[in-house]
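Notes follow the structure.
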Amino acid sequence: MSVSVATWNINSVRLRLPIVLDFLRQYQPDVLMLQEIKCTNDQFPANAFTEAGYPYQAVHGQKGYHGVAIVSKFPLTDISSKVFCEIPDSRHVSALLDFGQGAVKFHNFYIPAGGDEPDPAINPKFKHKLGFLDELKHWFATPDFERGHLIAGDFNIAPHENDVWSHKQLLKVVSHTPVETEALTALLEGGHGWVDLVRKHIPYDQKLYSWWSYRARDWNAADKGRRLDHIWATADIAAHTTGAEILRPARGWSDKPSDHVPVITRFA
DNA sequence: ATGACCTGTCGCACAGGA
């Protein structure tokens with residue numbers, strides 16, 4: 001049996017429903033985690049996903065902004081979401097997925113972007129981002145996270161110098177400042193430890209991006225990307241991966257693409 | 001200059017994204 005898991009910041013699931021359905025038809029992931037669905041639970045296009053073969057859904061939306069969802073070919077149980085920093089944005093949803101050979105807890109995160117100014121003293125959005133990471137660090141250190149978890153989503157941090165187009169030019173740009181990259185690396189390596197499933201298969205000496213700004217005249221030619229979207233797992237789960245892929249061509253799908261592309265991992 | 005955009009909202013400008 002082989003299983004694949006994908007994550008994609010879709011930047012409005014209603015606007016981009018046609019390309020999401022194209023992606024599901026073409027790549028057939030068993031689980032897809034979406035961020036920035038930008039709709040309430042009632043507005044989520046549940047029937048379209050059911051008809052596409054994804055009847056099991058965990059949706060945690062809100063009006064206008066943010067919002068996360070998991071759609072799956074396999075039944076989801078124990079669906080819940082957690083509030084971070086006492087700010088009730090829809091930035092997390094989790095569900096237990098039983099493949100018949102053991103259950104895996106899936107977590108879908110939309111970590112705060114952090115605004116423009118990388119200084120928590122003057123920018124409450126950046127303070128929120130650092131606080132969110134700090135709460136994650138404590139949560140992930142609890143005994144439950146020793147094994148059996150997979151986390152994915154838009155982490156809004158490109159941790160390694162080859163996760164951005166220019167390490168030097170982005171050192172003061174939110175998403176690649178040392179305080180952020182060090183916090184994310186501490187999260188990866190701290191607690192019980194996580195495995196970055198994409199970097200397990202695509203080495204750190206290769207430039208790798210999952211997001212390109214809408215502002216560039218030609219995103220492909222300029223290629224000023226960042227790897228903001230991630231899939232991590234506990235060691236017991238990570239041991240079963242067979243490959244990982246970032247779907248760069250999706251940045252050019254349709255005349256209204258998301259600024260993020262899908263990230264996919266495959267398991268034996 | 002990264003570089004001048006994209007989304008949803010009780011819209012006709014704004015917040016939030018990154």
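Letters A, B, ... mirror the listed sequences (proteins, then strands); counts begin at 1. Values below: all heavy atoms of this structure, side chains included; hydrogens, waters and symmetry mates excluded.
Between A:Arg217 and B:dA4 there is a side-chain N or O to OP1 or OP2 distance below 4.0 Å. Not one side-chain nitrogen or oxygen of A:Asn11 sits closer than 4.0 Å to the OP1 or OP2 atom of B:dC6. Phosphate contact (OP1/OP2 of B:dA18, side-chain N/O of A:His260, threshold under 4.0 Å): present. In this model, the phosphate group of B:dA18 is not approached by any side-chain N or O of A:Lys129 to a distance below 4.0 Å at OP1 or OP2. Contact check, A:Ser166 against B:dT2: no side-chain N or O comes under 4.0 Å of OP1 or OP2. Dashed line: the shortest gap from a side-chain N or O of A:Lys256 to OP1 or OP2 of B:dT7 is under 4.0 Å. Distances shorter than 4.0 Å separate some side-chain N or O of A:Arg91 from OP1 or OP2 on B:dG17. In this model, the phosphate group of B:dA18 is approached by a side-chain N or O of A:Asn9 to a distance below 4.0 Å at OP1 or OP2. In this structure, A:Lys224 reaches the B:dG3 phosphate: one of its side-chain N or O atoms is under 4.0 Å from OP1 or OP2. Regarding contacts with the backbone of B:dT7, every side-chain N or O of A:Arg14 stays at 4.0 angstrom or more from both OP1 and OP2.
Judged by distance alone, the side chain of A:Asp134 and the main-chain N or O of A:Gly131 form no donor-acceptor pair under 3.5 Å.
Picking from B:dG17, B:dA15, B:dT7 the nucleotide with the shortest atom distance to the side chain of A:Leu15 gives B:dT7. Minimum atom distance to the side chain of A:Arg215 is reached by B:dG17, of the listed B:dG17, B:dT9, B:dT2. Comparing atom distances between the A:Lys63 side chain and each of B:dC5, B:dG8, B:dC10 picks out B:dC10 as nearest. Listed nucleotides: B:dT2, B:dC6, B:dG8. Nearest to the side chain of A:Ser12: B:dG8.
Nucleic acid contact for A:Asp116: base, since at least one base atom lies under 4.0 Å from a heavy atom of the residue. Residue A:Asp218 is out of contact with every strand shown, counting any heavy-atom pair closer than 4.0 Å. Using a 4.0 Å heavy-atom criterion, one finds that A:Tyr110 contacts the sugar-phosphate atoms exclusively. Within the 4.0 angstrom heavy-atom criterion, no nucleotide atom of any strand lies near A:Leu170. Within 4.0 Å of A:Asp154, counting heavy atoms only, lie sugar-phosphate atoms of the nucleic acid but no base atom. Heavy atoms of A:Arg226 sit under 4.0 angstrom from at least one base atom.
Judged by a 6.0 Å distance limit and a 45° cone about the ring axis, A:Lys224 is not positioned over the six-membered ring of A:Trp219. Relative to the ring axis of A:Tyr65, A:Lys63 does not place its NZ or CZ within 45° and under 6.0 Å from the centre.
Nucleotide B:dA4 holds its P atom 15 Å from the CG atom of A:Asp259, rounded to whole Å. As rounded to whole Å, 13 Å separates atom C1' of B:dT2 from atom CG of A:Leu228. Taking atom CH2 of A:Trp219 as the reference point, atom P of B:dC6 lies 15 Å away to the nearest angstrom. Going from atom CH2 of A:Trp212 over to atom C1' of B:dC6 covers 17 Å, rounded to whole Å. What separates CD of A:Gln43 from P of B:dC10 is a distance of 10 Å, to the nearest Å. Between A:Gln62 atom CD and B:dT9 atom C1' there is a gap of 13 Å when expressed in whole angstrom units. Rounded to an integer number of Å, the gap from A:Glu36 CD to B:dC5 P is 19 Å. The NE2 atom of A:His66 sits 14 Å away from the C1' atom of B:dT9 (whole-angstrom rounding).
When the P atom is compared between B:dA1 and B:dC6, the two are found 23 Å apart, to the nearest whole Å. Distance noted for atom C1' between B:dT2 and B:dC14: 24 Å (whole Å). Taking atom C1' on both nucleotides, B:dC5 is separated from B:dA18 by 12 Å, rounded to a whole Å. Rounded to whole Å, the P atom of B:dA4 lies 23 Å from the corresponding atom of B:dG8.
Ring pair A:Trp139/A:His107: centre-to-centre distance below 6.0 Å. Between A:His92 and A:His60, the distance from one ring center to the other does not fall under 6.0 angstrom.
Salt bridge annotation for A:Glu245-A:Arg266: present, with a cationic side-chain nitrogen under 4.0 angstrom from a carboxylate oxygen.
A donor and an acceptor atom, one from each side chain of A:Lys172 and A:Thr177, are nowhere located under 3.5 Å apart.
Residue-to-nucleotide proximity on DNA chain B shows that, of A:Gln169 and A:Val174, the 5′-proximal contact is made by A:Gln169. Comparing A:Val13 and A:Ala216 along DNA chain B, the residue whose closest nucleotide (by nearest heavy atom) sits nearer the 5' end is A:Ala216.
Pairing each heavy atom of A:Arg14 with each of A:Lys38, the nearest pair is NH2-O, 3.3 Å.
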